[in-house]
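These notes concern the structure reproduced below.
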Amino acid sequence: MGIENMSAAELDQRFHDEYAVKMIRSGRLTTLVAALLTFAPPLYLWFGLGLRPEWSQILAGWGIILSSYLLIYIFEPLGYYPAMGTTGLYIGYLSGNVPSVRLPAMLSAQLATNAEAGTKRGEVVGVIAMGVSVFTNLFFVTLAAISGVYILEILPPFVINAFDFCLPAILGGVLAQYWKKQKLFVPVIFVLCLVIEYLPLPMASLIKFPLAILLSLVLGYVFYQHEKKKAA
């Protein structure tokens with residue numbers, strides 16, 4: 001039976017059986033292997049070269065990492081999941097560069113194909129775009145690693161300084177895409193995030209990012225309920 005003749009329930013079941021289950025299985029395996037491989041360099045330094053730091057130094061390093069990334073580990077996936085889906089999170093956290101490369105690639109592909117973010121079609125289109133971006137990124141990163149030093153030496157200073165604006169420019173493009181659908185929510189949450197950024201909060205490095213995510217979730221829910229009431 002063709003897809004066009006299937007009911008919504010049948011499509012959901014096929015998506016789960018033929019796509020979601022396999023992707024989750026592959027995602028768990030690849031991320032587990034990647035996590036284990038991160039121990040390879042320190043183990044080589046420890047056992048291969050005999051460079052053994054004191055346990056106090058190791059625990060101090062773990063403490064810094066834990067205090068810096070614990071809340072991000074919890075709240076960042078909550079911020080990305082609505083747009084990226086489960087498979088997108090697997091690819092994003094395995095390959096890295098989520099806000100600067102993976103998410104813009106996904107959103108651009110969804111916009112080009114009229115596939116709405118958060119839908120099953122949008123997830124499949126976005127995952128394909130993210131997968132292609134990984135190979136493209138790998139090619140250019142390898143090329144830059146080989147030739148980048150020579151290129152940077154001949155570039156004028158204003159070009160080098162312009163690299164500092166790459167991430168804000170990408171995030172600005174992402175905001176512009178969402179602004180087309182949410183003309184009030186996007187500027188409101190943008191202003192509130194600026195306020196959070198410049199508020200003299202205690203433990204700012206730990207609080208600001210989770211606070212922005214929580215605020216966006218609450219505000220998004222309020223706007224959703226408001227639109228729902230208007231539609232009714």
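For the numbers below, each heavy atom of this structure counts, side chains included, while hydrogens, waters and symmetry mates do not.
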Membership question, hydrophobic clusters at under 4.5 Å side-chain separation (ILVMFWY): are [Y] and [X] in the same one?
| X | Y | result |
| --- | --- | --- |
| Tyr93 | Ile24 | no |
| Phe39 | Trp55 | yes |
| Val124 | Leu89 | yes |
| Tyr81 | Leu103 | yes |
| Tyr90 | Val101 | no |

Any chance you could measure [X], atom [atom1], to [Y], atom [atom2], to the nearest 0.5 Å?
| X | Y | atom1 | atom2 | value |
| --- | --- | --- | --- | --- |
| Thr30 | Arg25 | OG1 | CZ | 12.5 Å |
| Tyr19 | Lys120 | OH | NZ | 11.5 Å |
| Asn97 | Arg102 | CG | CZ | 5.5 Å |
| Thr136 | Met130 | OG1 | CE | 13.0 Å |
| Thr87 | Lys22 | OG1 | NZ | 13.0 Å |
| Gln110 | Glu116 | CD | CD | 9.0 Å |

Write down the atom of [X], the atom of [Y], and the distance for their closest heavy-atom approach.
| X | Y | answer |
| --- | --- | --- |
| Ala129 | Ala105 | CB-O, 3.5 Å |
| Gly88 | Val127 | N-CG2, 3.9 Å |
| Val98 | Met84 | CG1-SD, 3.7 Å |
| Ile189 | Ser216 | CD1-CA, 3.6 Å |
| Pro53 | Ile58 | CG-CG1, 3.8 Å |

Please identify each residue that fulfils side-chain contact (heavy atoms from CB on, under 4.5 Å) with Leu192, with sequence neighbours left out.
-> Val188, Leu215, Leu219
For Phe185, which of Phe223, Phe190, Tyr221 qualifies under ring-ring contact (aromatic ring centres under 6.0 Å, His included)?
-> Phe223
[X] [atom1]: over 12 foreign heavy atoms closer than 6.0 Å:
| X | atom1 | result |
| --- | --- | --- |
| Trp179 | CH2 | no |
| Gln225 | CD | yes |
| Arg52 | CZ | yes |

Can you check whether Ser133's main-chain N or O pairs, donor with acceptor, with Asn137's side chain at less than 3.5 Å?
->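 Not confirmed, Asn137 side chain does not pair with Ser133 backbone.
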Can any side-chain N or O of Thr38 pair as donor or acceptor with the backbone N or O of Ala35 at less than 3.5 Å?
-> yes
Can you tell if the side chain of Tyr198 reaches within under 4.5 Å of the side chain of Val195, non-hydrogen atoms only?
-> no
Would you call Gln13 and Asp17 a side-chain contact if the rule is heavy atoms closer than 4.5 Å?
-> yes
Listed by chain and number, what are the salt bridge (Lys or Arg N to Asp or Glu O under 4.0 Å) partners of Glu153, not counting sequence neighbours?
->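 For Glu153 there are no salt bridge (Lys or Arg N to Asp or Glu O under 4.0 Å) partners, ignoring immediate neighbours.
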Leu143: which other cluster members, linking ILVMFWY side chains closer than 4.5 Å, directly or transitively?
->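 Traced through the cluster, Leu143 reaches Phe139, Phe140.
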